[in-house]
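Before any comments, here is the structure.
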Amino acid sequence: MIRLEEKHSQPIITSPQISQRKDLSVGGNYYFSLIFDGGKLKICFPICTASILHCFVISGIFSETEGIEPGWISNHHFSNGIEIVIPPDRPGLFISRKGRFEVTSSDSTIFWPISHAVRSMRSPWSSNPVYFSEVSGKLPAIAFSEVDDGTIITVGDTPDRAILSGISLRRIGMVTLRSEADNFLLKFDSLHGNSRLISNAMLSIFLSNSRCIDAQENCIMASKSPYYYVSAGYWARDFIFWVLPVIERFDEDRARELIDDLLKKYWRNRGIHALYLDGRILYDGFELDQLAYHFLLLAHAIKYGVLSDSRAASLSKELLADLSHFKNDKFNLYSTVLNSSDDPVEYPYVTYNNVALWYSMRYLAGYLKGAISERLIDLAEYIRRDIMINMIKEGQFVYSTDLAGKYNFYDDPTGSILLFPYFGFSESHDPVFRKTANWIMSEKNPYYIQGRYGGLGNMHVDHPWLHHHYSMILSSLSDARILESLPMDHGLACETIDENDGGCLTGIHFPGSSGMYVQASLKAKT
């Protein structure tokens with residue numbers, strides 16, 4: 001196989017590593033994630049005022065020969081005689097084990113983990129010690145409270161909060177906590193017990209965002225699991241386009257909250273590569289598709305009553321003002337610095353990005369009225385006209401161009417030309433689209449990876465991306481049964497897979513992939 005560095009000389013911005021872990025059990029709720037790794041349990045939650053994901057590792061719950069089977073842990077889970085109860089909106093969980101639990105390590109991460117010392121203290125309110133670390137002036141903590149048939153584990157931004165949350169959950173009682181977990185699972189009844197769909201829906205819903213234990217607000221993140229390689233950063237693309245529709249389908253109230261947070265916390269730095277959990281710029285660089293998806297966000301905000309039509313119209317004008325800085329002098333086409341995989345582009349005018357902009361403008365126009373709606377429709381049609389004039393060469397769509405005679409053929413599965421039929425930009429039988437699709441999936445394309453589980457790779461990772469299959473299914477170009485046949489990570493979606501065995505290679509515990517897995521699967525069933 002041609003290796004990455006031989007095919008592209010520009011630096012990769014956020015380069016993933018091959019994951020060696022495919023045997024983990026993962027779960028969580030709106031406060032934390034939990035990961036069983038052999039005989040140990042890792043619990044992670046964001047400290048939002050510090051923009052980090054903090055994790056504690058607990059030993060003493062299982063022996064090395066015990067544990068939970070790999071895959072997703074549901075809110076009310078039974079495995080090997082062990083009951084786990086994870087209420088969806090509480091800062092704690094129950095596990096039907098008692099013993100001398102001990103916190104053995106602590107670390108925090110944005111992209112790379114930093115270890116912290118673990119300290120403990122005793123309180124007259126608990127027979128068990130509470131463990132904590134000092135991180136960025138905060139004291140994230142974890143506490144244990146025994147009940148009749150097991151232990152309640154709670155987290156807090158201080159040792160006091162962790163202990164008091166345990167007392168509160170004991171008072172609420174296990175009958176109520178079990179009921180809360182069971183009632184949340186009823187939201188997925190429409191999936192008719194399809195464990196893969198339910199698991200990926202829950203992963204995308206719970207690991208993509210969090211209630212902040214240290215502030216009365218929410219944050220949105222790439223993943224609440226530290227095993228995803230850029231966990232504690234925010235990407236607009238991942239959440240607005242890949243995850244939000246799944247949250248809307250299964251938990252409208254939570255979606256409404258998060259849409260409001262997107263507009264308050266993350267709107268200011270829209271279109272920027274990556275943001276901290278608090279909305280500050282983490283990694284600069286303009287990405288046109290990420291800005292474009294904010295038109296979709298405004299439509300979601302109108303739909304769920306977060307914004308009035310007039311306020312959405314005002315914010316859409318802000319987006320149009322942003323776009324004016326990237327418009328070509330001659331054509332209604334817009335440039336970008338980075339592509340949909342956050343990598344530098346060869347030429348600044350990327351066809352997919354401009355089609356995504358066309359689609360997003362038209363989508364929002366359907367929710368608005370009057371002059372602003374007409375303006376968006378007209379501008380979208382100008383964009384379409386100039387795409388068709390300038391971004392077709394040799395009978396197929398180019399990936400990018402300088403609009404002065406230079407262009408390249410390429411495709412990126414995270415922002416793929418193969419989505420054009422789904423967007424309504426091209427018919428699947430259109431000759432230009434067919435020629436483009438045939439080239440993308442041919443040996444002429446050095447990034448199309450052959451194999452039993454082959455698919456489109458990119459300059460970011462030269463192995464098949466699951467997003468390639470999502471694009472094919474959403475555009476009705478292939479059958480969703482391919483997803484059901486993929487081993488992945490015990491049924492959980494990831495970023496890329498091995499072309500020979502179908503197992504996950506990079507990006508495990510990735511809500512953006514799980515969200516698109518669900519969207520593609522449900523689209524295929526309609």
Side-chain angles (χ1 to χ4, degrees), residues 25 27-29 31-50 52-68 73 82-87 90-109 113-174 177 210-215 224-226:
S25 310
N29 68 4
Y31 277 95
F32 56 82
S33 65
L34 63 153
I35 301 158
F36 287 96
D37 183 359
K40 295 183 178 180
L41 169 61
K42 178 175 284 193
I43 295 184
C44 303
F45 52 97
I47 304 297
C48 298
T49 52
I52 57 172
L53 180 67
H54 189 78
C55 300
F56 288 109
V57 175
I58 307 165
S59 65
I61 297 178
F62 306 118
S63 70
E64 289 295 331
T65 59
E66 296 177 305
I68 308 296
I73 304 166
I82 301 165
E83 180 189 19
I84 300 173
V85 180
I86 313 170
R90 305 279 188 182
L93 71 143
F94 165 83
I95 186 165
S96 61
R97 281 296 175 95
K98 293 182 179 181
R100 188 172 178 81
F101 301 161
E102 182 180 4
V103 176
T104 56
S105 65
S106 164
D107 62 63
S108 60
T109 185
I114 299 172
S115 297
H116 304 283
V118 178
R119 300 167 64 186
S120 65
M121 59 176 280
R122 288 193 176 272
S123 161
W125 292 337
S126 175
S127 59
N128 297 304
V130 60
Y131 296 86
F132 65 97
S133 293
E134 186 171 357
V135 182
S136 301
K138 308 295 177 181
L139 297 172
I142 189 165
F144 307 91
S145 304
E146 289 192 358
V147 292
D148 288 344
D149 48 356
T151 303
I152 290 175
I153 304 172
T154 47
V155 298
D157 58 326
T158 63
D160 311 73
R161 174 77 182 277
I163 293 169
L164 294 172
S165 291
I167 294 172
S168 176
L169 293 188
R170 287 207 315 268
R171 287 174 178 167
I172 289 167
M174 288 307 305
L177 298 180
S210 191
R211 295 207 186 279
C212 300
I213 197 73
D214 59 320
K224 214 153 51 187
S225 166

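In what follows, every heavy atom counts, from backbone to side chain, and hydrogens, waters and symmetry copies are set aside. Small disclaimer: the values here were computed from a predicted structure and weren't measured.
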Which donor-acceptor pairs under 3.5 Å do the side chains of residues 130-137 make with protein atoms, sequence neighbours left out?
residue: S133; atom: OG; partner: S106; partner atom: OG; Å: 2.8
residue: S133; atom: OG; partner: A117; partner atom: O; Å: 2.9

Tabulate below the donor-acceptor pairs under 3.5 Å that side-chain atoms of residues 160-171 make, not counting sequence neighbours, or state none.
residue: R161; atom: NH1; partner: I213; partner atom: O; Å: 3.0
residue: S165; atom: OG; partner: R161; partner atom: O; Å: 3.0
residue: R170; atom: NH1; partner: S145; partner atom: OG; Å: 3.4

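Closest non-hydrogen pair, T109 versus P226, comes out as CG2-CB, 4.5 Å. Taking both residues in full, the closest heavy atoms of V147 and K98 are given as O-CE, 2.9 Å, listed atom of the first, atom of the second, then distance. Nearest heavy-atom pair across A141 and F45 is O-CZ, 4.0 Å. Of all non-hydrogen atoms in P46 and L53, the two that sit nearest each other are N-CD1, 3.9 Å. Of all heavy-atom pairs spanning R90 and F32, the tightest one is O-CE2, 3.7 Å. Between I58 and I61, the closest heavy-atom pair is CG2-CD1, 4.0 Å.
Side-chain contact between I114 and I52: absent, with no pair of heavy atoms (C-beta onward) separated by less than 4.5 Å. Counting heavy atoms from C-beta on, the side chains of L139 and P159 come closer than 4.5 Å. Between V118 and T104, every side-chain heavy-atom pair lies at or beyond the 4.5 Å cut-off. Residues I43 and L93 form a side-chain contact, since some pair of their non-hydrogen atoms from C-beta on lies under 4.5 Å apart. Between D214 and C48, some side-chain heavy-atom pair lies under the 4.5 Å cut-off.
Proximity of a side-chain donor or acceptor of T151 to a complementary backbone N or O of F144 within less than 3.5 Å is not detected. Side chain of D107 to main chain of C55: no donor-acceptor pair is present (N/O by atom type, distance under 3.5 Å, no hydrogens or angles). Side-chain atoms of K224 come within 3.5 Å of backbone atoms of N29 as a donor-acceptor pair (strictly under, hydrogens ignored).
Paired with S108 under the rule side chain to side chain donor-acceptor pair (under 3.5 Å), one option of K138, H54, H116 passes, and it is H116. Checking F56, F36, F101 one by one against L41, the side-chain contact (heavy atoms from CB on, under 4.5 Å) holds for a single residue, F36.
Counting heavy-atom neighbours within 6.0 Å of R97 CZ, excluding the residue itself, gives a total above 12.
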Step-by-step side-chain contact (heavy atoms from CB on, under 4.5 Å) determination, S120 to V103: CA-CA 9 Å; S120 65; V103 176; over 6 Å; no

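Here the straight-line distance linking atom CD1 of I95 with atom CD1 of I86 works out to 9.0 Å at 0.5 Å rounding. Rounded to the nearest 0.5 angstrom, S225 OG and K42 NZ are separated by 8.0 Å.
Take N128 and apply the side-chain hydrogen bond (donor to acceptor under 3.5 Å, both in side chains) test, not counting sequence neighbours, and it matches no residue.
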